[in-house]
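The structure appears below as structure tokens.
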Amino acid sequence: MLQSVPVLTLCFLAGFVGCSLRIAIVGGGISGTSTAYFLNEILGARVDVTLFEGSKIGGRLSTISVEGCEYETGGAVIHEKNKYATDLAVKMGLTKMRDDSSSSEVLGLYANNEIIFVSSKFSWFNNIKFLWRYGFDVVRLQQFTDNMLKSFDNVYDVQDKNNSYECLDGLMSAIDPVFLKYMDVSTFDGFKEDGFSSEIINELIQGTLKVNYGQTTSVHRFVGSVSIAGAGATLFSLEGGNKLLPQKLLAASKAKLINSFVKEIGQRGKEFTVKTEFNGTSSESQFDYVIISTPLTVDPARKNKIQFTGHLADIAVPGNYWTTVCTIVKGDINPHFFGYKSAQDVPDLVISVTDSFFNSISTINPVKSGQSCGTVWKVFSRKRLTDVEINTLFQSVKFVQHIDWLAYPHYDVKQHSYNFTLSDGLYYTNALEWAASAIEMDIIGARNVALLLKKKIENYGNISVDEARFSTSSIAHDEV
Ligand SMILES: Cc1cc2nc3c(=O)[nH]c(=O)nc-3n(C[C@H](O)[C@H](O)[C@H](O)COP(=O)(O)OP(=O)(O)OC[C@H]3O[C@@H](n4cnc5c(N)ncnc54)[C@H](O)[C@@H]3O)c2cc1C
């Protein structure tokens, strides 16, 4: 071993062809593609990355075509303070499109079969309307959100210092220890303890949760707070569709793309075996490290589940994902359902804050600016809308399509048992979704895993690649 060190160290550090560590990424959504991008950025030629995606690159960033225009059906908006998504979009040459729903569009809150609150197009009047209904709590909520966003910014410093964490709690605590506490209390209880009125919690806060996560204020306060952060903020989407970001990241990462679903992951010796299937053809390949970038919960509705075999068989990710159905409708809204005489009066976004067959309904714009294909609506609901429900919401319908999403975790409180490291050499970027599911969070989870891998590999910095490949435990640099 001593004899081999100098040559192999040189090989390892320089990343000569043939010296690279083989890394598999499973999943080509924003998590998997940003992981590939960061691995290339951080480790360059020292790694040889293969990304497996059985469906389309983008995953939950996806669009649908309606009579010549495309519309977002999954992750649609990005907060202006989301540094990674913003910076990566710029680096990938993508253009931001402002989301007008965050400013001038009219919001209606719907409860128990009627509209109970309508905002205004005009910001000065809007402020008065919100203050009138919710009092000073509106200002306090804004202050809370500003402070939270400021604390959240710590994550960028933490990661710029190359710090990485094996588990969700470690990362959350490094960003701000209070965020861990927020995960232990429901959104309702947390805001109530801080003296917010039941009215603002049950209406405004619940409204943001219904539209963003399909859930109620029983979810933990961290995800509740992330949900509120989008309200009234400047939001954007990417010209041409948000799915362009994962597509471009993958291209920039230089990772090899294999268009197959991974069926099985096992380990023979220290090497991972990844079995895939595409169009009935199976194949198998070997890797030094594997990164899972797709949710691993065993929801009955989840297709393409990965089976772990051998000593990995006991890997289990608890919890379930929440089903949200996105229904895209081109048609004429029924104003009478909302208590209006004219369609012009129906707010641009209506959120049902109590139990209803729909969570939200809003007009949406095509992903390309300047395009116009008539009024298209997006309805979010827990279950598929029936024909009767569609005909209740709309007077006439020209186009309807349902997209069933296993959309985001089914949140509760005290959901801490999520790890970025599933086993030695096997990583899981989506652990962070249990704090809050969002494009930026996925990119943060991806960078955390890339940094974990960097730490792992660099701890092997002065041993051979083969030793790095076949060593099970992390060896500190100064211990070798
Ligand atoms: C309706 C909806 C609205 C949303 N709105 C917003 C929003 O406005 N803003 C925001 O920031 N976030 C939003 N989100 C959340 C955001 O879209 C997700 O957090 C993000 O897109 C998840 O990315 P991911 O890469 O982690 O997972 P996915 O996008 O789910 O990617 C996983 C990929 O893995 C692939 N895969 C699965 N199993 C296998 C296998 N066995 N082998 C190979 N490949 C496999 C899948 O095909 C998929 O492409 C929304 C989500 C939904 C569903």
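Numbers here simply count residues along the sequence, with the first being 1. Counting starts at 1 for both ligands and their atoms, following the listed order.
Of all atoms in ligand 1, numbered sequentially from 1 with element shown, those under 4.0 Å from a heavy atom of A76 are 5 (N), 6 (C), 7 (C), 8 (O). Ligand-side atoms of ligand 1 in range of L61: 17 (O), 21 (O), range being under 4.0 angstrom from any heavy atom. In the vicinity of G28, heavy-atom distances shorter than 4.0 Å reach the ligand 1 atoms 33 (C), 34 (O). Of all atoms in ligand 1, listed by their number and element, those nearer than 4.0 Å to a heavy atom of T294 are 32 (C), 34 (O), 36 (N), 37 (C), 38 (N). Less than 4.0 angstrom separates some heavy atom of G54 from each of these atoms of ligand 1: 43 (C), 44 (N). Taking every heavy atom of F380 and a limit of under 4.0 angstrom, the matching atoms of ligand 1 come to 1 (C). Set against the non-hydrogen atoms of S293, the atoms of ligand 1 under 4.0 Å away are 32 (C). Those atoms of ligand 1 that come under 4.0 Å of a heavy atom in S55, given as number and element, are 47 (O).
For the pairing with H410, the ring pair (Phe, Tyr, Trp, His ring centres under 6.0 Å) check across W322, Y213, Y321 returns one residue only, W322. Evaluated for a salt bridge (charged side-chain N to carboxylate O under 4.0 Å, His left out) with E41, the options R447, K254, K91 yield exactly one hit, K91. Partner of F358 under the ring pair (Phe, Tyr, Trp, His ring centres under 6.0 Å) criterion, chosen from Y110, W377, F380: Y110.
Donor-acceptor pairing under 3.5 Å is recorded for the side chains of D146 and Q142. Side-chain atoms of S437 and Y411 include no donor-acceptor pair closer than 3.5 Å. Defined by atom type and a distance below 3.5 Å, a donor-acceptor pair is missing between the side-chain atoms of S293 and S31. Checking D169 against H416 by side-chain atom types alone, a donor-acceptor pair falls below 3.5 Å. Defined by atom type and a distance below 3.5 Å, a donor-acceptor pair is present between the side-chain atoms of E166 and T421. K275 and S282 form no side-chain donor-acceptor contact under 3.5 Å, judged by distance and modelled atom types alone. Looking only at atom types and distance, the side chain of S218 has no donor-acceptor partner in the side chain of S186 under 3.5 Å away. Side-chain atoms of E239 and S369 include a donor-acceptor pair closer than 3.5 Å. For the residue pair E203 / Y134, a side-chain donor-acceptor distance below 3.5 Å is found, with atom types taken as modelled.
Salt-bridge formation is not detected for the pair D48/R22: no Lys NZ or Arg NE/NH1/NH2 atom is positioned less than 4.0 Å from an Asp or Glu carboxylate oxygen. Ion pairing of E433 with R60 is present here, as a side-chain N (NZ or NE/NH1/NH2) and a carboxylate O approach within less than 4.0 Å.
Here the closest heavy-atom approach between residue P347 and residue V118 is recorded as CG-CG1, 4.3 Å. What you find for T217 and I205 is that their closest heavy atoms are CG2-CG2, 4.2 Å.
Counting heavy atoms under 4.0 Å from ligand 1, residue C326 does not touch it at all. In P246, neither the side chain nor the backbone holds a heavy atom less than 4.0 Å from any atom of ligand 1.
Distances shorter than 4.0 angstrom occur between a heavy atom of G58 and an atom of ligand 1. Using a non-hydrogen distance threshold of 4.0 Å, T73 registers as a contact of ligand 1. The shortest separation from a heavy atom of I306 to ligand 1 is under 4.0 Å, placing the residue in contact. Ligand 1 has at least one atom lying under 4.0 Å from a heavy atom of K56.
Of all protein heavy atoms, the one closest to atom 25 (O) of ligand 1 is S31 N, 2.9 Å. Looking from atom 39 (C) of ligand 1 to the surrounding protein, the closest heavy atom is F261 CD2, 3.7 Å. Nearest protein heavy-atom neighbour of atom 29 (O) of ligand 1: R60 N, 2.7 Å. Nearest non-hydrogen protein atom to atom 34 (O) of ligand 1 is G27 CA, 3.2 Å. The shortest contact between atom 9 (N) of ligand 1 and any protein heavy atom is with V77 O, 2.7 Å. Among all non-hydrogen protein atoms, the one lying nearest atom 6 (C) of ligand 1 is G75 CA, 3.3 Å. D442 OD2, 2.6 Å is the protein heavy atom nearest to atom 19 (O) of ligand 1. For atom 15 (C) of ligand 1, the nearest non-hydrogen atom of the protein is S437 OG, 3.8 Å.
Ring planes of Y84 and Y156: perpendicular class, angle over 60° (limits at 30 and 60°).
Between N430 and ligand 1, at least one N/O pair is under 3.5 Å apart. Among the atoms of V262, some N or O lies under 3.5 angstrom from an N or O of ligand 1. Here's the thing with A407: none of its N/O atoms is less than 3.5 angstrom from an N/O atom of ligand 1. For a threshold of 3.5 Å applied to N or O pairs, the pair formed by V26 and ligand 1 contains no separation below that value. Residue contacts with ligand 1: K303 is placed with no nitrogen or oxygen under 3.5 Å of a nitrogen or oxygen of the ligand (distance criterion only). Backbone and side-chain nitrogen or oxygen atoms of I439 are examined, and one is located within less than 3.5 angstrom of a nitrogen or oxygen of ligand 1. Ligand 1 has an N or O atom lying under 3.5 Å from an N or O atom of N304, backbone or side chain. At least one N or O atom of E53, backbone or side chain, sits closer than 3.5 Å to an N or O atom of ligand 1.
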